[in-house]
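The structure appears right after this line, and notes come after that.
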Amino acid sequence: AQRVTQPEKLLSVFKGAPVELKCNYSYSGSPELFWYVQYSRQRLQLLLRHISRESIKGFTADLNKGETSFHLKKPFAQEEDSAMYYCALRARSGGGTSYGKLTFGQGTILTVHP
Amino acid sequence: DTGVSQDPRHKITKRGQNVTFRCDPISEHNRLYWYRQTLGQGPEFLTYFQNEAQLEKSRLLSDRFSAERPKGSFSTLEIQRTEQGDSAMYLCASSPRSGQFSTDTQYFGPGTRLTVL
(Lines give C-alpha, C1' and ligand atoms only; values in the text may rest on other atoms or scores of the structure.)
Protein backbone atom coordinates (compact mmCIF):
# COMPACT_ATOMS: atom_id res chain seq x y z
CA ALA A 1 0.00 0.00 0.00
CA GLN A 2 1.14 3.55 -0.59
CA ARG A 3 0.79 6.57 1.62
CA VAL A 4 1.56 10.28 1.22
CA THR A 5 2.02 12.57 4.19
CA GLN A 6 2.05 16.35 4.14
CA PRO A 7 2.80 17.31 7.72
CA GLU A 8 1.76 20.96 7.45
CA LYS A 9 -1.90 21.83 6.84
CA LEU A 10 -1.11 25.55 6.81
CA LEU A 11 2.01 27.44 5.80
CA SER A 12 2.38 31.21 5.84
CA VAL A 13 5.28 33.20 4.46
CA PHE A 14 5.93 36.74 3.36
CA LYS A 15 6.45 37.72 -0.24
CA GLY A 16 10.03 37.21 -1.29
CA ALA A 17 10.76 34.64 1.40
CA PRO A 18 11.76 31.09 0.56
CA VAL A 19 9.11 28.44 0.89
CA GLU A 20 9.27 24.68 1.31
CA LEU A 21 6.23 22.43 1.35
CA LYS A 22 7.04 19.03 2.78
CA CYS A 23 5.95 15.71 1.38
CA ASN A 24 6.92 12.25 2.57
CA TYR A 25 5.76 9.01 1.10
CA SER A 26 5.78 5.32 1.82
CA TYR A 27 5.80 2.80 -0.97
CA SER A 28 7.87 -0.30 -1.38
CA GLY A 29 8.20 -0.08 -5.14
CA SER A 30 9.26 2.58 -7.61
CA PRO A 31 6.99 5.60 -7.37
CA GLU A 32 6.18 8.54 -9.55
CA LEU A 33 5.74 11.72 -7.52
CA PHE A 34 3.71 14.78 -8.42
CA TRP A 35 2.72 18.14 -7.03
CA TYR A 36 -0.77 19.36 -7.84
CA VAL A 37 -2.03 22.86 -7.07
CA GLN A 38 -5.50 24.28 -6.65
CA TYR A 39 -5.88 28.04 -6.82
CA SER A 40 -8.96 29.70 -5.39
CA ARG A 41 -12.09 28.76 -7.35
CA GLN A 42 -10.10 26.77 -9.88
CA ARG A 43 -9.77 23.08 -10.52
CA LEU A 44 -6.91 20.88 -9.45
CA GLN A 45 -4.01 21.06 -11.88
CA LEU A 46 -0.59 19.51 -12.21
CA LEU A 47 2.27 21.72 -11.09
CA LEU A 48 5.21 19.41 -11.65
CA ARG A 49 6.37 15.80 -11.61
CA HIS A 50 9.67 14.32 -10.54
CA ILE A 51 10.27 12.61 -13.87
CA SER A 52 10.38 15.90 -15.74
CA ARG A 53 12.94 17.46 -13.43
CA GLU A 54 11.70 20.88 -14.46
CA SER A 55 11.00 24.16 -12.72
CA ILE A 56 7.46 25.45 -13.02
CA LYS A 57 6.58 28.95 -11.84
CA GLY A 58 9.87 28.95 -9.97
CA PHE A 59 9.03 25.78 -8.05
CA THR A 60 11.27 22.73 -7.97
CA ALA A 61 11.02 19.39 -6.25
CA ASP A 62 13.61 16.67 -5.92
CA LEU A 63 12.78 13.05 -5.23
CA ASN A 64 14.91 11.79 -2.35
CA LYS A 65 14.49 8.03 -2.28
CA GLY A 66 16.66 7.66 0.81
CA GLU A 67 14.44 9.95 2.85
CA THR A 68 11.31 9.05 0.84
CA SER A 69 10.59 12.73 0.40
CA PHE A 70 9.54 15.02 -2.43
CA HIS A 71 9.56 18.49 -0.95
CA LEU A 72 8.42 21.45 -3.04
CA LYS A 73 10.61 24.53 -2.92
CA LYS A 74 10.64 28.06 -4.22
CA PRO A 75 13.37 30.56 -3.35
CA PHE A 76 11.20 33.68 -3.51
CA ALA A 77 7.49 33.28 -2.87
CA GLN A 78 4.97 35.47 -4.66
CA GLU A 79 1.46 36.41 -3.58
CA GLU A 80 0.02 34.53 -6.56
CA ASP A 81 1.52 31.33 -5.17
CA SER A 82 -1.15 31.32 -2.46
CA ALA A 83 -3.10 28.11 -3.03
CA MET A 84 -3.70 24.58 -1.84
CA TYR A 85 -0.88 22.21 -2.75
CA TYR A 86 -1.19 18.44 -2.90
CA CYS A 87 1.59 15.94 -3.16
CA ALA A 88 0.61 12.75 -4.98
CA LEU A 89 2.14 9.37 -5.71
CA ARG A 90 1.51 6.92 -8.50
CA ALA A 91 2.78 3.38 -8.20
CA ARG A 92 4.92 1.99 -10.95
CA SER A 93 5.80 -1.61 -11.63
CA GLY A 94 9.35 -2.79 -11.96
CA GLY A 95 8.87 -2.83 -15.70
CA GLY A 96 7.99 0.82 -15.72
CA THR A 97 4.26 0.50 -16.36
CA SER A 98 2.30 2.84 -14.16
CA TYR A 99 -0.77 1.92 -12.25
CA GLY A 100 -3.19 4.69 -12.99
CA LYS A 101 -4.48 5.90 -9.66
CA LEU A 102 -2.95 8.75 -7.71
CA THR A 103 -2.61 8.66 -3.95
CA PHE A 104 -2.81 12.17 -2.53
CA GLY A 105 -1.63 13.74 0.69
CA GLN A 106 -3.97 15.86 2.78
CA GLY A 107 -2.74 19.07 1.25
CA THR A 108 -1.01 22.22 2.48
CA ILE A 109 -2.61 25.64 2.25
CA LEU A 110 0.09 28.13 1.36
CA THR A 111 -0.54 31.79 2.09
CA VAL A 112 1.93 34.38 0.88
CA HIS A 113 1.50 37.71 2.61
CA PRO A 114 2.43 41.02 0.93
CA ASP B 1 -13.93 24.80 -22.97
CA THR B 2 -12.12 21.63 -23.96
CA GLY B 3 -11.32 20.51 -20.42
CA VAL B 4 -12.96 17.80 -18.34
CA SER B 5 -16.54 18.68 -17.52
CA GLN B 6 -18.81 17.37 -14.80
CA ASP B 7 -22.52 17.63 -14.31
CA PRO B 8 -24.14 18.65 -12.07
CA ARG B 9 -21.79 20.94 -10.18
CA HIS B 10 -23.87 20.71 -7.04
CA LYS B 11 -26.37 18.15 -5.85
CA ILE B 12 -28.42 18.21 -2.67
CA THR B 13 -30.38 15.09 -1.90
CA LYS B 14 -32.13 13.40 0.95
CA ARG B 15 -30.75 10.32 2.63
CA GLY B 16 -31.89 7.20 0.86
CA GLN B 17 -32.23 8.75 -2.58
CA ASN B 18 -30.20 7.71 -5.60
CA VAL B 19 -27.96 10.17 -7.42
CA THR B 20 -26.05 10.01 -10.68
CA PHE B 21 -23.14 12.15 -11.78
CA ARG B 22 -21.74 12.54 -15.24
CA CYS B 23 -18.18 13.17 -16.40
CA ASP B 24 -17.11 14.12 -19.91
CA PRO B 25 -13.38 13.65 -20.35
CA ILE B 26 -11.10 15.49 -22.70
CA SER B 27 -11.69 14.21 -26.20
CA GLU B 28 -9.58 11.16 -27.07
CA HIS B 29 -8.39 10.61 -23.52
CA ASN B 30 -8.82 6.91 -23.00
CA ARG B 31 -8.30 6.83 -19.23
CA LEU B 32 -10.93 8.21 -16.88
CA TYR B 33 -10.72 8.36 -13.09
CA TRP B 34 -13.13 9.05 -10.27
CA TYR B 35 -11.96 10.44 -6.91
CA ARG B 36 -13.79 11.53 -3.80
CA GLN B 37 -12.68 14.42 -1.61
CA THR B 38 -14.04 15.12 1.83
CA LEU B 39 -13.43 18.30 3.79
CA GLY B 40 -9.83 18.73 4.84
CA GLN B 41 -8.61 15.69 2.94
CA GLY B 42 -6.90 15.12 -0.36
CA PRO B 43 -8.72 13.34 -3.17
CA GLU B 44 -9.15 9.58 -2.66
CA PHE B 45 -9.22 7.21 -5.59
CA LEU B 46 -12.49 5.43 -6.32
CA THR B 47 -12.15 3.77 -9.70
CA TYR B 48 -10.73 4.12 -13.18
CA PHE B 49 -11.45 3.10 -16.73
CA GLN B 50 -9.35 2.50 -19.74
CA ASN B 51 -11.71 2.98 -22.63
CA GLU B 52 -14.86 1.14 -21.50
CA ALA B 53 -13.08 -1.33 -19.23
CA GLN B 54 -13.15 -0.67 -15.50
CA LEU B 55 -9.63 -1.64 -14.48
CA GLU B 56 -9.54 -0.94 -10.78
CA LYS B 57 -11.97 -0.24 -7.96
CA SER B 58 -11.12 1.04 -4.52
CA ARG B 59 -12.41 -0.61 -1.37
CA LEU B 60 -14.06 2.77 -0.78
CA LEU B 61 -16.45 1.89 -3.57
CA SER B 62 -19.14 0.03 -1.68
CA ASP B 63 -21.92 -1.97 -3.30
CA ARG B 64 -24.03 1.19 -3.37
CA PHE B 65 -21.63 2.78 -5.83
CA SER B 66 -21.45 1.90 -9.49
CA ALA B 67 -19.57 3.50 -12.32
CA GLU B 68 -19.88 2.98 -16.04
CA ARG B 69 -18.25 4.16 -19.20
CA PRO B 70 -20.32 2.38 -21.81
CA LYS B 71 -18.82 3.73 -25.00
CA GLY B 72 -15.43 4.67 -23.74
CA SER B 73 -16.30 8.35 -23.74
CA PHE B 74 -18.35 9.88 -20.91
CA SER B 75 -18.76 8.14 -17.57
CA THR B 76 -21.45 8.05 -14.92
CA LEU B 77 -21.11 7.46 -11.21
CA GLU B 78 -24.26 6.37 -9.41
CA ILE B 79 -24.76 6.22 -5.68
CA GLN B 80 -27.76 4.28 -4.48
CA ARG B 81 -29.46 4.78 -1.12
CA THR B 82 -27.28 7.77 -0.26
CA GLU B 83 -26.02 8.22 3.29
CA GLN B 84 -24.84 11.36 5.02
CA GLY B 85 -21.31 9.99 4.89
CA ASP B 86 -21.46 10.18 1.09
CA SER B 87 -21.40 13.96 1.27
CA ALA B 88 -18.23 14.98 -0.52
CA MET B 89 -16.77 16.47 -3.68
CA TYR B 90 -16.65 13.89 -6.47
CA LEU B 91 -13.85 14.58 -8.91
CA CYS B 92 -13.34 13.18 -12.35
CA ALA B 93 -10.05 13.18 -14.23
CA SER B 94 -8.92 11.98 -17.61
CA SER B 95 -5.58 11.24 -19.18
CA PRO B 96 -4.10 9.92 -22.38
CA ARG B 97 -2.09 6.76 -22.13
CA SER B 98 1.32 7.26 -23.59
CA GLY B 99 3.03 3.92 -23.52
CA GLN B 100 4.83 1.68 -21.10
CA PHE B 101 6.69 4.40 -19.24
CA SER B 102 3.52 6.33 -18.88
CA THR B 103 3.97 9.97 -18.13
CA ASP B 104 0.34 10.81 -18.72
CA THR B 105 -1.01 13.78 -16.83
CA GLN B 106 -4.38 13.52 -15.16
CA TYR B 107 -6.56 16.53 -15.95
CA PHE B 108 -9.25 17.18 -13.40
CA GLY B 109 -12.77 18.42 -13.77
CA PRO B 110 -14.38 21.01 -11.49
CA GLY B 111 -16.09 18.34 -9.40
CA THR B 112 -19.63 17.65 -8.26
CA ARG B 113 -20.37 18.62 -4.68
CA LEU B 114 -22.85 16.23 -3.10
CA THR B 115 -24.71 17.10 0.07
CA VAL B 116 -26.84 14.41 1.65
CA LEU B 117 -29.37 15.73 4.16
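Since we're looking at a predicted model, the values are computed, not measured. Just so it is clear: chains get the letters A, B, ... in the order the sequence lines come, proteins before strands, and each one is counted from 1.
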CD of Glu28(B): more than 12 outside heavy atoms within 6.0 angstrom? no
Which atoms form the tightest heavy-atom contact between Arg43(A) and Pro110(B), and what is the distance? NH2-CD, 3.5 Å
Within the supplied structure, the quantity of interest is the number of heavy atoms (other residues, nucleotides, ligands) at a distance under 6.0 Å from Arg64(B) CZ; does it exceed 12? yes
For the backbone of Gly100(A) and the side chain of Gln106(B), can you confirm whether one donor and one acceptor N or O come within less than 3.5 Å of each other? yes
For Tyr86(A) and Gln37(B), which heavy atoms make the closest approach, and how far apart are they? OH-NE2, 2.6 Å
So with a 6.0 Å cut-off around CG of Leu117(B), is the heavy-atom count from everything else above 12? yes
Is it the case that atom OH in Tyr39(A) sees more than 12 heavy atoms from other parts of the structure closer than 6.0 Å? yes
Could you check whether atom NZ of Lys15(A) has more than 12 heavy atoms from other residues, nucleotides or ligands sitting under 6.0 Å from it? no
Distance check, rounded to the nearest 0.5 Å: Tyr35(B) atom OH versus Leu102(A) atom CG? 3.5 Å
Proximal component of Tyr107(B), with respect to chain A [non-hydrogen, under 4.5 Å]: neither
Euclidean distance, Tyr33(B) OH relative to Lys101(A) NZ, rounded to 0.5 Å: 12.0 Å
Sub-6.0 Å ring centroid separation between Phe45(B) and Phe104(A): no
Under 4.5 Å from any heavy atom of chain B - which part of Leu44(A): both
Would the number of heavy atoms belonging to other residues, nucleotides or ligands and lying under 6.0 Å from CD of Gln42(A) be above 12? yes
